[in-house]
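Atom set for the values below is all heavy atoms of this structure, side chains included, hydrogens, waters and symmetry mates excluded. When a ligand or atom number is given, it counts from 1 through the structure's own listing order.
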Amino acid sequence: MLPVKQAESIILDLVKPLDGQLDTEVIDLSSATNRILASSVTSKLDFPHWDNSAMDGYAVRYRDVEFCNREQPAILEIVEEIPAGYQPQRVIQPHQAARILTGAVMPEGADTVVMQECTKREDHRVIIFEPPKHQAFVRHQGAFYRGGATLLHPGTVLTAPEIAVLAAAQCTQLTVYRRPKVAILSTGDELVTPDEPLKPGQIVDSNQYALAAWVTLAGGIPKLGGIVRDNPEVLKNAIAQAILGADIVLSTGGVSVGDYDYVDEILAELDAEIHIRSVAIKPGKPLTFATFPPSLNSPILNSPILNSPLNKGGKGGSNRPILYFGIPGNPVSALVSCWRFVQPALRKLSGLPQDKWGPMFVNAIAHHDLQSDGRRESYLWGQLRLVEGSYQFHLASGSQNSGNLINLAQTTGLALVPIGQTLIPAGQSVQVLQVGCC
Ligand SMILES: Nc1nc2c(c(=O)[nH]1)N[C@H]1C(S)=C(S)[C@@H](COP(=O)(O)OP(=O)(O)OC[C@H]3O[C@@H](n4cnc5c(N)ncnc54)[C@H](O)[C@@H]3O)O[C@H]1N2
Ligand code: MOO
Ligand SMILES: [Mg+2]
């Protein structure tokens with residue numbers, strides 16, 4: 001069994017990120033939420049676009065007001081009113097002022113704004129009783145951003161603030177990484193779909209739906225391969241088909257030591273290179289990780305058993321190894337394997353910078369005693385809660401059994417009990433893997 005950290009490094013080292021030229025698409029800003037920028041974005045615009053007022057008040061020449069006071073106020077003639085969106089027509093001459101509203105363009109000749117609270121208006125005159133700071137409340141053109149500079153860098157995830165910046169900068173067409181394609185297979189003779197009646201001995205294939213949801217939330221495109229029966233030939237074809245056009249293949253079940261656990265041998269028959277067969281993790285021990293050569297030169301993808309577009313002179317595949325995760329069937333093991341191993345791989349593949357790959361651990365205080373048998377690095381599931389500014393980890397109620405899907409609901413953290421440790425007492429600090437929000 002490989003140590004968890006070593007398994008993680010083996011996997012990440014074999015992930016070749018999407019190509020910033022080939023694996024991109026140009027999309028409209030309106031559909032860019034949660035996408036990842038593949039190239040830098042610049043704008044021709046300066047921010048602010050022009051000198052403008054930060055306050056409702058009067059635009060003045062500093063030298064007309066710099067020595068005013070209660071006894072000798074400055075009295076200026078108001079020559080123009082400038083609301084936001086209006087282009088000033090007058091140049092401010094000595095002893096003149098313009099009424100100006102927040103966001104409005106500063107008139108030529110003026111260099112300072114006096115807030116209206118510090119003035120008294122009398123018809124077309126304004127009386128100023130205390131000197132403002134020089135250039136007070138003026139937002140100068142280009143002070144926030146100079147046109148032509150890099151606005152956003154590749155690898156940036158486009159969430160609300162980034163979308164705001166792009167809209168303001170009139171960047172409406174964006175080059176983003178395409179979303180990774182993740183094929184999902186559930187293996188097992190015992191499986192039925194959620195809408196089929198259960199016969200004795202059967203269970204519902206929950207993994208397919210769980211992994212599809214997880215892939216979607218993680219920014220990938222799930223490609224559902226359905227249920228594959230525990231039959232070597234059937235499984236071989238299903239895996240060969242799943243690889244077509246996929247960046248990652250996730251199969252669940254059939255990777256342990258049972259008589260019908262065929263995944264590893266089928267992968268070997270398909271010339272996959274198997275890098276990991278089991279990991280010292282609980283749950284999730286029998287994880288298999290393999291790679292197929294880039295589809296351009298993969299024997300399986302160019303073999304006659306597949307009506308692969310590749311061997312009909314179809315559009316060339318990628319020049320990147322296809323990642324295969326043979327995930328344990330136990331439903332908790334399946335998701336823990338995704339959260340702990342597949343997620344960093346998918347995030348690296350997606351074009352994110354290294355500090356975003358994860359896994360993301362936080363320090364928390366154990367709210368309950370956390371127990372394990374100490375033989376494998378154990379991940380106990382439960383809720384990560386922010387209490388008065390620090391994290392607490394609350395163990396899910398019910399049994400920490402990798403077949404117990406029921407108390408996995410609402411999991412937001414996996415508490416790590418290291419190998420060799422059998423107890424982290426309540427009140428002690430514990431490393432918690434953040435999950436639930438991809
Ligand atoms: N003698 C041993 N037996 C087992 C070992 C071992 O080391 N020695 N490993 C155990 C561990 S740990 C795990 S994890 C499981 C994983 O086994 P498989 O990956 O081969 O999974 P299956 O046998 O196919 O199924 C296990 C379990 O999960 C249920 N399952 C399977 N697929 C789904 C699905 N799509 N949705 C919901 N539930 C699913 C299946 O019914 C089984 O109950 O092996 C242990 N055994
Ligand atoms: O690896 Mo396990 O412990 O049943 O998931
Ligand atoms: Mg099995």
Just let me know how Ser402 lines up against ligand 2, side chain, backbone, both or neither, with a heavy-atom cut-off below 4.0 Å. side chain
Ranking Gly329, Ser206, Gly201 by closest non-hydrogen atom to atom 30 (N) of ligand 1, top hit is Gly329
Residue, atom name and distance, where the atom is the protein heavy atom closest to atom 3 (O) of ligand 2: Arg376 NH1, 3.0 Å
In terms of the angle between their ring planes, are Phe325 and Phe289 parallel, tilted or perpendicular, with boundaries placed at 30° and 60°? tilted
When distances are taken from atom 35 (N) of ligand 1, the protein heavy atom at minimum range is Asp205 OD1, 2.7 Å
To the nearest 0.5 angstrom, please state how far the CD1 atom of Ile424 sits from the CD1 atom of Ile365. 10.5 Å
Check whether more than 12 heavy atoms from other residues, nucleotides or ligands sit under 6.0 Å from atom CZ of Arg375, and answer yes or no. no
Given 3.5 Å as the limit, does a donor-acceptor pair link the side chain of Arg347 with the main chain of Gly358, or not? no
Counting only heavy atoms, which portion of Pro286 has something under 4.0 Å from ligand 2: side chain, backbone, both, or neither? side chain
Give the residue and atom name of whichever protein heavy atom lies nearest to atom 40 (C) of ligand 1, and the separation in Å to one decimal. Glu190 OE2, 3.1 Å
Does Leu405 have a heavy atom less than 4.0 Å from any atom of ligand 1? no
Are any of the side-chain heavy atoms of Lys223 and Val182 separated by less than 4.5 Å? no
Go through ligand 2 atom by atom and flag the ones less than 4.0 Å from a non-hydrogen atom of Asn330. 4 (O)
Side chains of Thr291 and His275: do they bring a donor and an acceptor to under 3.5 Å? yes
For atom 1 (N) of ligand 1, grab the closest protein heavy atom and report residue, atom and distance to one decimal in Å. Val257 CG2, 3.7 Å
Of all the non-hydrogen atoms in the protein, which one sits nearest to atom 17 (O) of ligand 1, and at what distance? Ser256 CB, 3.3 Å
Proximal atoms of ligand 2 relative to Pro283 (non-hydrogen, under 4.0 Å): 1 (O), 3 (O), 5 (O)
Lys/Arg cation over aromatic Tyr58: Arg99, 6.0 Å, 45° cone: yes
From CA spacing to verdict: salt bridge (Lys or Arg N to Asp or Glu O under 4.0 Å), Arg139, Asp51: CA-CA 6 Å; Arg139 295 183 288 208; Asp51 289 2; over 6 Å; no
With a 3.5 Å cut-off and no angle check, do the side chains of Gln135 and Asp111 form a donor-acceptor pair? no
For Ser186, the atoms of ligand 1 under 4.0 Å from one of its heavy atoms are 35 (N)
Could you tell me whether Glu196 atom CD has more than 12 heavy atoms of other residues or ligands within 6.0 Å of it? yes
For ligand 1, which is the ligand I care about here, please tell me if Val255 has any N or O atom under 3.5 Å from one of the ligand's N or O atoms. yes
Relative to atom 38 (N) of ligand 1, which among Ile281, Ile203, Ile184 owns the nearest non-hydrogen atom? Ile203
State, with a plain yes or no, whether a side-chain heavy atom of Leu185 is found less than 4.5 Å away from one of Gln241. no
The closest protein heavy-atom partner of atom 24 (O) of ligand 1 is Gly254 N, 3.0 Å
Check each heavy atom of Leu191 against ligand 1 and say whether those closer than 4.0 Å belong to the side chain, the backbone, both or neither. side chain
Apply side chain to side chain contact (heavy atoms under 4.5 Å, CB included) to residues Val263 and Tyr324 and explain how you reach the verdict. CA-CA 11 Å; Val263 170; Tyr324 191 102; 4.1 Å; yes
Among Lys282, Gln202, Gln208, Lys285, closest by heavy atom to atom 7 (O) of ligand 1 is Lys285
Does the pair Asp264 and Thr288 meet the rule for a side-chain hydrogen bond (donor to acceptor under 3.5 Å, both in side chains), with working shown? CA-CA 7 Å; Asp264 286 22; Thr288 292; 2.7 Å; yes
Heteroatom proximity flag, Asn207 to ligand 1, N/O under 3.5 Å: yes
Have Tyr379 and Arg340 got a donor and an acceptor in their side chains that come within less than 3.5 Å? yes
For Ser333, the ligand 1 atoms whose distance to one of its heavy atoms is below 4.0 Å: 14 (S)
Among protein heavy atoms, which lies nearest atom 1 (O) of ligand 2, and at what distance? Gly284 N, 2.6 Å
Do Gln343 and Trp357 get their side chains close enough for a donor-acceptor pair, meaning under 3.5 Å? no
What do you reckon, is OH of Tyr260 surrounded by more than 12 foreign heavy atoms closer than 6.0 Å? no
Non-hydrogen atom of Gly403 closer than 4.0 Å to ligand 2: no
Pull out every atom of ligand 1 sitting under 4.0 Å from any heavy atom of Gly253, numbered as shown with elements. 19 (O), 21 (O), 24 (O)
Have a look at ligand 1 and work out which part of Asp261, if any, has a heavy atom under 4.0 Å from it: side chain, backbone, both or neither. side chain
Tell me the contacting part of Thr252 for ligand 1: side chain, backbone, both, or neither, using a 4.0 Å heavy-atom threshold, strictly below. side chain
Minimum-distance protein heavy atom relative to atom 5 (O) of ligand 2: Ser333 OG, 2.3 Å
Indicate yes or no: does Asp23 engage Arg179 in a salt bridge with an N to O separation below 4.0 Å. no
Which ligand 1 atoms does Val204 reach within 4.0 Å, using its non-hydrogen atoms? 36 (N), 37 (C)
To atom 43 (O) of ligand 1, the nearest of Val192, Asn330, Leu287 on a heavy-atom basis is Asn330
Identify which one of Leu151, Leu152, Thr24 satisfies the side-chain contact (heavy atoms from CB on, under 4.5 Å) criterion when paired with Leu37. Leu152
Taking everything shown except Gln421 itself, do over 12 heavy atoms lie less than 6.0 Å from its CD? yes
Protein heavy-atom partner closest to atom 11 (C) of ligand 1 - residue, atom, separation in Å: Pro286 CG, 4.0 Å
Could you see which bit of Pro328 sits under 4.0 Å from ligand 1, with heavy atoms only: side chain, backbone, both or neither? both
Leaving waters out, which protein N, O or S atoms fall under 2.8 Å from the Mg ion (ligand 3)? Asp261 OD1, Asp261 OD2
Polar side chain donor-acceptor pair, Ser9 to Gln6, under 3.5 angstrom: no
Ligand 2 atoms nearer than 4.0 angstrom to some heavy atom of Lys285 are 1 (O)
Short side-chain donor-acceptor distance under 3.5 Å, Glu162 and Thr159: yes
